[in-house]
Every structure is written in structure tokens, then in C-alpha cells.
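Below, chain A is the first sequence line, B the second, and so on; all start at residue 1.
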Amino acid sequence: MNDLVQVEIEEREGAEVVVARLTGELDISGAETTGRRITEAVPSSARGVVVDMSDLEFIDSSGVSMLFALARRVGSRRQELRVVAPAGKPVARVLEIVEFERAAPVHEDVHSAVAEIA
Amino acid sequence: MRALPELFDVRIKARSIAYLFGAGAILGLLTLVFPHSDEVNDLALVLLASAAIVVAAVVWASGEHVRDWHIHAVLVSGVLIVSLANYYAGPSTLYPLLYMWASLYAFYFFRPIEAFAHMTVVAVSYAIVLVIQDPDSAIVRWLLAVGTPLLAGLLISSLLRRLSDRAQLLERSEARTRLVLDTAPDAFITLDRDGVILSWNAAADRLFGWSASEAIGKTMRALIVPPEFGERHDERRHALVTSDSPLATQNFEVEFVRRDGSRFPGEATVSKVDIRGEVFVSGFITDVTERLRRDAEREALLREQAARAEAERVADLVGSLQALVDAALAHRTLDDILRELVAQVRGVLDADAATIYLADEEERLSVGASTPGEISGGAEFADTVAEAREAMLSRDDPAIEGGALIGVPLLAEGEVTGVLVACATPPRVFGGEDLTLLRLAAERVGLAIAHARVYEREHKIAETLQRSLLPDHLPTLPGLAVAARYLPAASEAEVGGDWYDVIPMAGGAVGLVMGDVAGKGLAGASMVGRLRSALRAYALEGHDGARVVEQLNRLLWTEAEESQMATMLYVIVDPAANSVHWVNAGHPAPLMLVDGEPGFLEGAGSVPLGVLPFPTYEEVSAPMTPGSTLLLYTDGLVERPGENIDDGMAELAARVREAPEDPDALCDHLLATLVPAGGAMDDVAILTLRNLPVPERFSAEFPAQPESLAPMRAMLRRWLSHAGAGEMEIAEITTACGEAATNAIEHGGARGGTSFQVSGSRNGREVELAVRDQGSWREERPGDHGRGLDLMRTLMDSVAVEPAEEGTLVSLRRRLGGKGGSA
């Protein structure tokens, strides 16, 4: 059926930073595909990637696992991963519980995340 | 009555008196030639005779200048000359004779009184001569001398008068007859028995160009009969004059020749006239050119009238057949065409019954339609006609009972598509004219049937395509019940462009679409396909309703080949928020039933798609409490010919009010009460959605597939919301339950389980959820480091995992309003 989650890729700072904007609900039905799409969208020349989850309505453990895996892959390429999840939203709550901060910084907005990488 | 003299002109009188004088002088001279008495004075007599001759010559020469009194004078002088001759010649029997001549002349040419005057002169002269010659003669002799010429004159004059009366009558009669014949409009010709023209009237002159003086004396054959008919003319005349009957008449039409050589058709009426053994032929000849022309004109007129009547008859036939062709083009069904056709054929041919046999793909014939009444032997005859491939008649065939049959093959593109057969009972028998008419009919009918067949095939394709574009099953939506119906229009019309769709969306919302594309048939169906795909894509991208509709409008405006238009209603029902949002692009307003009271969702109305390049669409929302029902439909449900659409909508509201709550039952009820028995004029599509009341407890079974997670969460959110959970509580409990369900799908599914159950109950402020699968629980998935279980434990007050033989039961508990929301 339809994809619950949508991924929009955007390049910033002269292709040095890739922003992946996720909307919808991220569960096991779309986690793997989403991870692959983000990985493929990041060239080795880029300095880092921002996963923007400001408008993501739902994330579960499989989505979180995808983010952890993405952080490892990005790190092994000497690139930076930063995620955006405004506090008080369900997604931020889940990231907090699983202590995602240990894997990558969590930002309140895209602007600060992009600025940090640049 | 005028006197005799008037009958004679003065010239005749003059000449006759000249003859009289001449004859008398010659007679007198002759008496001198023969031996006679010496006493006769010869010289005197010669002088007298000479004088008479001179007078005669003068009178003759005078001619027309002579007057009546000259004649009288001459006659008196003649009597004097005779008297003198008598005196000189002596008594002779010759002289009384001369006196008598004079008397006769007088009586013949003069009036009686003048004649008597002359007779007196004669008598007196003769008496004087006698007295002088013999003074002693007796008185008797004297009286005799005077009386004899007198009596003789009276006698002769009486005879003459009678004779001349008759002559005059005859003359007048002839004059009248001639006048009649001369003024007669028809030529009148008299011939003798040898064909020589005896008379020729003025009309004959005008008709033939020959004058009477030119014609009379010539033969009719030479003058006016065409050479090639000469022989026949003579034979005919001969037969007429030799016929035994005294009054034989012939009447015939024959060609005649004019003087200028031109010919004309004439009608001759000839009669044999027998006058005391002398046989004549008289005939009237009339120029019949004009009459023949009029006859020909009348005949042509009659023929034209007959031809026109025939043409009108054929036109009537063609007209009624044309109506059939029109009917076929108007997409009547084949059955309708055939039924009407056989009725028409029976009427036009005055037949007892008519049947159309249709050929299948293997060219086997079977009855397609028939008027009441069976045609015995019709099927066999139809086979014969199909084989012959031409219209034919069957008369008095011993193998066929019940009268004459007529049959014609129906051809389309050279193939026999059917055979039309009609029968009649004697004395009605089909003829060549019927064959002609039926052949004419078959040409059009064959095409009509071919059209109808092509149309029915296309109709079927379009309908199949149309149905393929509608959801073949509606999604299961937690907390919602949906039902839909699609009813194609009655088969006369084309498959319409109605469509509907149900799109489950993130967060448990559901999109409902009801649309009507203006195009019909295959074109309409394909446009529905494009709109449907595009709408699903836009909707799942997460655009708001107004934006989705605007994008569809762009699609239709820019991509439709010809100006295509569609009305559409796009509704988003959010069961978690108990709200409904809608955008209306020129479509009939949706109806919402709240607490048994129907009301139309007005507002948000805008123009249909494809009308304007940049129309404004707005999204309007309203609360949709649990237990309410939403109804979307197309105009086919509320529009009826001759009725106001407002009446139709009022009727719809009334039917919805009395209908059962269940969406399926509601749809059935509406179709049963609002669609006419013979089917709707237009397509009818209905889509109903009921926001089910939220129960205290629930239990639902889902397929063990990742795709079940979103609906499960939607259901759960709605239930939790109804149970009074806050926004973050809903998110957290849903996340925890989702982890349990994900486990159930991964592990239960791996063991061959096909489903998992989720149930929920509330006990005061405490919510308890249970997820049961058919697999064994595993602590960890590879790589997730037990995050699922961590999440559940963190988010819920208690988590219990109970492995069982038939599967695993995960129980989750949480007290609402207890555990802090966003930590």
C-alpha cells in the first residue's frame, strides 16, 4: 500500500550538507527503505547529514534502530549526523528514552543543525 | 319574297336577250334561203335581221352597263322587229313562235306585271299585223291571235316559277350547308368513289394549306395522305364504297401531310354517301396533335402522381428505418432495436409476423427478436436466405405451411449478421415490390445492428474499465464503517464518469473522494483513472485538502486534451479528532446524519475542476461525533428528468432519515427507494462512512503484516482519545502498543501466524491493552538492543509478557493522568 513515511532530500551549503526531511509515521514498514534512501542521498564529498523529524508524527524502535545504524555508517565515513526533533513532540520523547544523544546530537530546528555541521 | 328577276343579274338578262335576238335573226334569214313566195320583200327582211343582230351585239357588248329599262326597251323593239318581219313576210306559222319566245323571256326575267305589259305589246302587235294582212278575217281569228301567246305565256310562266322556287330553295340550302361547312372547325372533304376531291371547306384550307380551288379535282391520296399510307388509304376507301350498308362510317386516326410537308396526327370520320346510286365519300378530319399532347400530359401527370405516391411510401419506410438507425446511434440496446424493427417490418409489409434471426460467430442463426405469432418454417427459410445472401420469396412451398414468406439477409461489411423474415397469409402474398422495400430496409438495418453490436461491446469495455477504477474492496478502518455502491446507468446510456475512492491516511484519518467526470465512455473512464491516481499521490504527500483539489484542477486544466470537466468532493474524516474536513469542487453537498437528523454540509463550494485555471478552493471543517454518518453521492441519485434537484435532495434526506444506521444497509435502502425500477438515467455512486461509537472495551484482529500497524495505531488513538487520554499520553501508549504489535508481526509471522489481536479495556483511570500473537516472544531483535522492550517499559506503568503454547500475550497497563506527559 501507500508509504506511511515520506522522505524529501535537500542539499544545503553547496552540497556540503544533505537535509533529509521525514514526514508521516516511521515504523517497521518504512524504516529500512527510509534508511537506504538517506544513505544513498549522501555523497562521500558531503560533510554531514541532517535528519529533520520536525513533522514526523510517529517513530518506533525500528525507526530508532535505523537512526542508530545511520549514525554508525555516517561516522565511519568521517561525516556528521545530526537530527532535528523539537522537544515536547512524541518523536523527541522516544529519542530521549532510547538516549539517542549518545549516537548523534539532537537539535530543536534545522537551521542550528545545518549551522553546526557547516 | 322577292321576284325572280332578282335572282339573275342584269348581265344574264342582257346576254339571254342577245341570244334571243341572234336566234330570231338567223331564223328570219333562213326563211329567205328556202323557196318562198315572191311577194316577200327580201330586202326588208334582211335589213330587219341585220338590225336584230346589231341590237344583239350592242346588248352583249354592253355587259354590266346594261340597265333594266334597256332590256325592256330592247324587248319591245324586238317585238316591233318581229311584227314588221311578219308584215313583210306574210302570214307564217313561224312568227307566233317568235312572239312566244319574247313572252317566255318576259315571264322568265321580269316581274309578272312587267311580263304582262310585254305580253300586251306582243298581242297588240300581232293583232295589228293580222288585221293589216287580212282585214277580212273573223273576230275569232283575231282573238286567237291575241289570246294564244297570252295563255301560253301564263302557263309557261307558272311552270317556270315553280321550277325557279325549287331551284332557289335548293340554292339556299346549299349555300347554308356550304356556310356551315366553311365555318366548321374541322376540315370537311367530299370525295367521289375514286378518291377525287369534290368539296373542300375553309377549315380544310386552314388545316392543310391548300385552297378549295387547288384541292378540288385532285385525289386525296396525292394531296394529303403520306406516301407510306397511300395503299392503305385506297383500300380503306374501297372497302367503304363497296360496303353493303348504305350508311357506312369509319373512324380512324392516321397521319396527314400539310402543304409545307409537315405532318400531323389526325382523326378522320368518313361516311359513305349514296345519292341515288351515286356514291360519295364525305369525311371530317380533325388535328388531334393538341388532344394527344393533353392526353400525354395527363398520362404523365398520372404517372408522376403514382410515382410520387410510391416515393412517399418508400420515404415513409426509409423514414421509419432511419429512425431505427438514429435509435441505434443514440445507443439504444440491440434488443430494443430488434424489437422495434420487427414491429416496423410487420407494419410496413402488412405481414402477419416478422422475425429477425441473428448470426453468431459461427454463422449459426437464432431468433433475435420476433413479433407475436410464430413463422412456421421461418428458421429453415432464414438459413436458405443466409446461404443465398440475397432477398428472396418463398411461395407455395409444400414444405412450408401457412402462406408466403419473404426474407432478406442483413449484411454488415460483407458478413451476414442476421436474416429478417416475415410471413403473410393468402390472399396477401409478397411481391417484387416488397422485395425492393425489404432490400432497402436491410441495408440500413444491417448497419444499425452492426452499430449496436459495436456499441454494446464498447459499453462493456467502458463499464469494465470503470469498475476496475473503483476500489474492489474498501479498506478496514478502525472505528469507522464504510460502504459504497456503484450502479451503472440503464443500458441505453453510456457508462458514466462517476468514481469514488477511500484513502487511509497517516494518523488514522481517511480521505473520501466522490467525483463525476463529464465525459462518458472510454474517454471518461480513462480520465477517471488519471484523476484517481493523481489524487492518491497528492493526498499521501500530506497536502491539505484545498491544495490537493487545486493540483487536480491544474492536472485537468493543463492535461485534458479537450475541455474536460469534473465535479468532485474531497472529504477527510479524522476519527481521532472526531472531525470532518471537506473541499467541494462543484459537487452536490455531502449529507451528514447526526443523531438521526440529516443535514447537508454546505459551504466550501467552488467551481468544478477544469473550468478555471486558478480557482480558489477552500477547506471547511465540522465536528463529526461518534455515531454520525456521512453520505457522499453523485447527481444520478438525486436528479430525475423534469424534477428540480432540490426536490431530489429533499427526497434523499427523507430516505436517509428512515434508513438503517449500518452503512451497507443504508446504501441498499437508498438504491431501493431512489433509483427507478428500470435503472437510473445516469450512473449512481454512493459512499457512506459511519464514525462508530467508541466502546468501553474493544478487541480487533489484524493481519500479521507491517501494513497493519498504522490502522492499529489509528484505532488505538481514537479509542484512547475517547477514553480521555491526553495528547502525549495517546502518543506514548500508542508507541508502546506499536512495539508489542511489531514483535507480534515479526515473531508470530515467522512461526506461520497470520494474525494478531489487540484488545483494550479501561478500568477507571487505568487503561489495559493486550496484544496476542501466535508466535514465541523474543527478547531482542538483532541490532535493536532491546529498545522495543525498553520503550514499552518506560512508557507504560507495567509490561507483562506471558509466553503460551499457542503464542505470546503482552499486557500493558497505564494509569491516565498519572505518569507525566513529556517527562
Side-chain angles (χ1 to χ4, degrees), chain A residues 1-10 21-36 52-73 85-104 106 108, chain B residues 475 503-509 511 536-537 539-543 576 705-714 716-717 727-746 749 780-795 820-823:
Chain A
M1 221 164 85
N2 50 297
D3 289 338
L4 263 180
V5 63
Q6 288 85 42
V7 184
E8 280 174 50
I9 303 294
E10 191 187 346
R21 182 169 178 269
L22 307 187
T23 50
E25 299 183 29
L26 185 59
D27 62 15
I28 196 169
S29 67
E32 198 185 326
T33 316
T34 305
R36 194 164 56 240
D52 175 11
M53 296 184 287
S54 313
D55 291 321
L56 190 68
E57 289 166 27
F58 177 85
I59 191 166
D60 70 355
S61 59
S62 49
V64 170
S65 296
M66 181 273 287
L67 289 178
F68 275 112
L70 183 66
R72 279 198 303 277
R73 214 172 302 140
K89 298 286 278 291
V91 173
R93 173 88 176 112
V94 170
L95 293 183
E96 184 194 330
I97 293 167
V98 299
E99 295 173 335
F100 189 72
E101 286 280 2
R102 289 184 295 149
V106 179
E108 281 290 306
Chain B
I503 309 165
M505 297 192 291
R536 276 187 165 255
L540 295 174
E541 272 178 24
H543 297 300
Q705 289 164 0
E707 287 75 19
S708 297
L709 290 171
M712 186 219 69
R713 289 195 298 267
L716 199 56
R717 285 188 188 108
E727 202 172 312
M728 189 49 86
E729 281 173 333
I730 293 173
E732 290 180 355
I733 296 170
T734 304
T735 303
C737 192
E739 294 299 327
T742 304
N743 247 312
I745 291 166
E746 290 199 310
E780 291 181 10
R781 276 171 286 164
D784 73 356
H785 308 293
R787 281 186 205 103
L789 196 56
D790 282 352
L791 276 173
M792 280 190 276
R793 287 193 173 131
T794 311
L795 295 170
S822 58

*Asks:* Quick check on the interface: out of Asp27(A), Val98(A), Asp60(A), Thr23(A), who has the most heavy-atom pairs with chain B under 4.5 Å?
*Replies:*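 If we count pairs closer than 4.5 Å to chain B, Asp27(A) comes out on top.
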*Asks:* So for atom CD, which belongs to Glu10(A), do other residues, nucleotides or ligands contribute more than 12 heavy atoms lying within a distance under 6.0 Å?
*Replies:*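 Atom CD in Glu10(A) is crowded, with more than 12 foreign heavy atoms closer than 6.0 Å.
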*Asks:* Does the side chain of Arg787(B) reach to within under 4.5 Å of the side chain of Ser65(A), using non-hydrogen atoms?
*Replies:*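 Side-chain contact under 4.5 Å: yes.
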*Asks:* Can you confirm whether Ile28(A) sits close enough to Leu709(B) that some side-chain heavy atom of one is under 4.5 Å from a side-chain heavy atom of the other?
*Replies:*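 Yes. Closest side-chain heavy atoms under 4.5 Å.
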*Asks:* If we ignore hydrogens and angles and just use 3.5 Å, is the side chain of Glu739(B) paired with the main-chain N or O of Ser61(A) as donor and acceptor?
*Replies:*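 Indeed, once roles are kept as given, a pair shorter than 3.5 Å links the two residues.
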*Asks:* Return the OG1 to CD distance between Thr734(B) and Glu57(A), rounded to the nearest 0.5 Å.
*Replies:*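 Thr734(B) OG1 to Glu57(A) CD: 12.0 Å, rounded to 0.5 Å.
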*Asks:* Regarding Lys89(A) and Glu732(B), does a basic nitrogen lie under 4.0 Å from an acidic carboxylate oxygen?
*Replies:*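 Judged by the 4.0 Å cut-off on N to carboxylate O distance, Lys89(A) and Glu732(B) do not form a salt bridge.
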*Asks:* Nearest 0.5 Å, what's the CZ-CG distance between Arg713(B) and Leu4(A)?
*Replies:*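 One finds 6.0 Å between CZ of Arg713(B) and CG of Leu4(A).
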*Asks:* Just verifying a value: how many Å separate Met728(B) CE and Arg93(A) CZ, rounded to the nearest 0.5 Å?
*Replies:*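 With rounding to 0.5 Å, CE (Met728(B)) is 7.5 Å from CZ (Arg93(A)).
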*Asks:* If you measure only the distance, is there a donor-acceptor pair under 3.5 Å linking the side chains of Glu707(B) and Ser29(A)?
*Replies:*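 No.
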*Asks:* Hey, which of Gly738(B), Pro706(B), Ala736(B) has the most heavy atom pairs under 4.5 Å with chain A?
*Replies:*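 Result: the option with the highest number of such pairs is Pro706(B).
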